[in-house]
Amino acid sequence: LNYDYNNLLTQFYSRLNKANGAHNGFEGGIDYKFAFNKKGRELTASLFYSNSPSTDKTNLTTNYYNTDMTPGGAPSLVQKNTSNNKGTRFYGQIDLVYPLDRNLGRIESGYKGSYRSNYLDYQSFYQDSAGIMQFDSLPSNIFSNTQQIHSAYLIYANSIKKFKYQVGVRAEDAITVSDQLTTDSTYKSNYFNIFPTVHLKYEFTDNHAVQISYSRRVNRPRSGNLNPYIDYTDPMNLSAGNPYLKPEFTNSFELGHLISFKSSSFNTTLFYRQTDNMITRVMNLLDSGRTYTTYQNLDKGSSFGLELIYSQGIFKWWKINSNFSLFGTKYYGESEVKGLNDVNASWTAKINSSMTFWKSFDVQIGFNYQSSMIMVQSRGGGPGGMFGSDAQGKRLANYTCDIGLKKDFFKNMLTLTLRVSDVFNTRKSEVQTHAVDYYSDVKRWSDSRVLFIGASFKFNKGVKPKKRTQQQDDNQDEIDY
């Protein structure tokens with residue numbers, strides 16, 4: 001539905017989208033640990049590889065109507081799209097923990113190298129007036145993105161009676177290459193950065209402490225945000241990536257208080273985070289009435305708030321962890337949209353229930369709620385479009401529930417897992433955008449209720465693998481296995 005400035009209907013169409021796909025995956029890892037004679041001195045190494053090919057097929061039928069809701073004269077638009085995606089990840093790392101003699105502290109050092117590639121072959125077809133499917137070269141394209149990162153770190157930690165401190169630094173070199181093979185265009189990015197960290201902690205007792213920390217973090221754009229080819233799947237809402245996107249950098253400051261009891265613990269954290277080169281969605285209103293969406297870096301944004309984490313053991317076999325975060329967000333920039341530069345409050349809540357039966361059978365249930373959140377959406381020039389002021393977007397609230405099961409066999413050497421994500425299929429996205437000269441309401445949802453089955457076998461009791469971070473694993477589910 002499209003309306004003009006007088007709130008009169010100017011265009012009405014409906015689109016039926018039927019999609020199916022096959023998503024496969026393989027991953028494997030090797031972990032090694034060598035313990036020196038001195039207690040706490042150890043060398044560990046890890047290798048990880050994953051391959052995740054997928055094929056998605058979409059059938060779209062767009063029907064056009066007159067403004068009085070009667071069938072329009074324009075014929076229906078019938079499209080078929082096929083997307084073949086190949087994703088590969090590999091990383092290797094080595095870590096050394098080296099306690100110094102004579103209580104002079106502890107040194108940790110290591111190296112990590114990672115390689116990630118994504119290859120997308122997108123083919124589009126449309127039905128002509130004779131009912132024959134024809135290849136559509138306009139949206140069809142082949143895009144490849146590779147990213148390799150080399151990093152080395154050094155940490156020193158020590159304590160003076162009840163006061164503990166840890167300082168560290170990580171040097172990182174990242175190389176990104178994006179190839180739009182259809183247009184024979186290559187985009188390269190190479191950036192070197194230093195990431196310092198400082199952690200200070202004072203322990204009143206073994207169960208009561210306060211701590212202060214500072215860290216610098218990076219958030220890199222995803223492969224889909226970098227593909228410059230315009231997606232015409234929705235003729236009224238065009239979209240494209242930006243191969244010139246830069247990574248976001250965040251300076252994070254935290255003040256925390258921790259107190260624990262026999263079967264429970266309570267952690268309170270005040271935080272402030274400032275992000276430079278903030279990646280934001282850019283929506284343009286074209287002269288034809290269509291929208292064109294891409295991405296760009298803003299100057300900066302900041303957030304501050306309070307996080308509460310409570311853990312409670314109900315019985316020996318049942319434990320509940322809960323997390324509540326209340327925070328304000330502020331974006332910096334000039335705008336004609338009222339409230340864009342104001343502080344906007346949001347909150348999130350998570351609860352996880354872990355139960356163990358018969359010593360080797362675990363059940364986890366996780367619930368996650370996120371309130372509505374203000375988003376900045378800049379206005380810029382698009383193909384055939386016009387320039388405008390910034391827009392203020394709002395992502396509406398959503399919630400999801402996950403369930404996981406785990407069973408150990410053969411003295412914990414074999415582990416089988418079963419997990420269902422988004423049990424009630426409630427994970428969806430709705431974004432409302434208010435600008436000086438237009439308003440949009442975009443709703444997107446897909447069937448995110450997925451069944452995962454896994455198996456792992458441990459040799460020699462196993463070496464506990466390094467926990468992958470979000471940059472290494474994009475899985476956002478609330479279940480640990």
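We're numbering straight along the sequence, starting at 1.
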Residue pairs passing the salt bridge (Lys or Arg N to Asp or Glu O under 4.0 Å) test where at least one lies in [range], sequence neighbours excluded:
range            : answer
residues 316-326 : none
residues 242-257 : R217-E254, E254-R273
residues 166-176 : R170-E172, E172-R220

Okay, side chain of [X], backbone of [Y]: is any donor-acceptor separation there less than 3.5 Å?
X    : Y    : answer
S109 : Y153 : yes
D422 : R427 : yes
N145 : S223 : no
T293 : S239 : no
N251 : R216 : no
S325 : T348 : no
T426 : Y399 : yes
T205 : N207 : yes
D408 : K406 : no

Flag if over 12 foreign heavy atoms under 6.0 Å of [atom1], [X]:
X    : atom1 : answer
K38  : NZ    : yes
Y244 : OH    : no
F424 : CZ    : no
D206 : CG    : no
I30  : CD1   : no

task = Classify the angle between the aromatic ring planes of F357 and W317 as parallel (below 30°), tilted (30 to 60°) or perpendicular (above 60°).
result = tilted
Shortest non-hydrogen contact between [X] and [Y], atoms and distance:
X    : Y    : answer
S346 : S372 : OG-O, 3.2 Å
N118 : G87  : OD1-CA, 3.9 Å
G105 : Y156 : CA-OH, 4.1 Å
L245 : N225 : CD1-O, 3.6 Å
S448 : N425 : N-OD1, 3.3 Å
F249 : N277 : CD1-ND2, 4.1 Å

inquiry  = Please determine whether side-chain hydrogen bond (donor to acceptor under 3.5 Å, both in side chains) holds for the pair T356 and D362, giving the CA-CA distance in whole Å, both sets of side-chain angles, and the decisive distance to 0.1 Å.
reply    = CA-CA 4 Å; T356 301; D362 297 335; 2.9 Å; yes
In plain terms, say whether [X] and [Y] are close enough for a salt bridge, that is, a side-chain N and a carboxylate O under 4.0 Å apart.
X    : Y    : result
K201 : E203 : yes
D101 : R41  : yes
E430 : R395 : no

Testing the 3.5 Å rule here: is there a donor-acceptor pair between the side chains of [X] and [Y]?
X    : Y    : value
T400 : N368 : no
S360 : K407 : yes
H150 : Y111 : yes
N344 : T329 : no
Y49  : N51  : yes
S252 : T250 : no
N242 : Q296 : no

ask   = Among T82, N81, D56, N141, which one satisfies side chain to side chain donor-acceptor pair (under 3.5 Å) with Y122?
value = N81
ask   = side chain to side chain contact (heavy atoms under 4.5 Å, CB included) between V177 and T186: does it pass, once the steps are laid out?
value = CA-CA 7 Å; V177 179; T186 300; 4.1 Å; yes
Between [atom1] of [X] and [atom2] of [Y], what distance do you get to the nearest 0.5 Å?
X    : Y    : atom1 : atom2 : value
S311 : I309 : OG    : CD1   : 9.5 Å
Y310 : I320 : OH    : CD1   : 9.5 Å
I94  : S46  : CD1   : OG    : 9.5 Å
R222 : N219 : CZ    : CG    : 7.5 Å

query = Could you walk me through whether Y191 and T176 pass the side chain to side chain contact (heavy atoms under 4.5 Å, CB included) check?
reply = CA-CA 9 Å; Y191 45 90; T176 301; 4.3 Å; yes
message = Y202: which residues meet the ring pair (Phe, Tyr, Trp, His ring centres under 6.0 Å) condition with it, sequence neighbours left out?
response = F204
request  = For F304, check ring pair (Phe, Tyr, Trp, His ring centres under 6.0 Å) against everything at least two apart and list the hits.
outcome  = none
remark   = residues 254-276 vs ring-ring contact (aromatic ring centres under 6.0 Å, His included), sequence neighbours excluded, gives H208-H257
query = Ring centres of Y369 and F367 under 6.0 Å apart?
reply =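 Ring centres of F367 and Y369 not closer than 6.0 Å.
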ask   = Less than 6.0 Å separating the ring centroids of F48 and Y91?
value = yes
message = Please evaluate residues Q123 and D121 with respect to the criterion side-chain hydrogen bond (donor to acceptor under 3.5 Å, both in side chains), reporting the C-alpha separation (whole Å), side-chain torsions for both, the decisive distance (0.1 Å), and the verdict.
response = CA-CA 7 Å; Q123 305 294 324; D121 185 355; 2.5 Å; yes
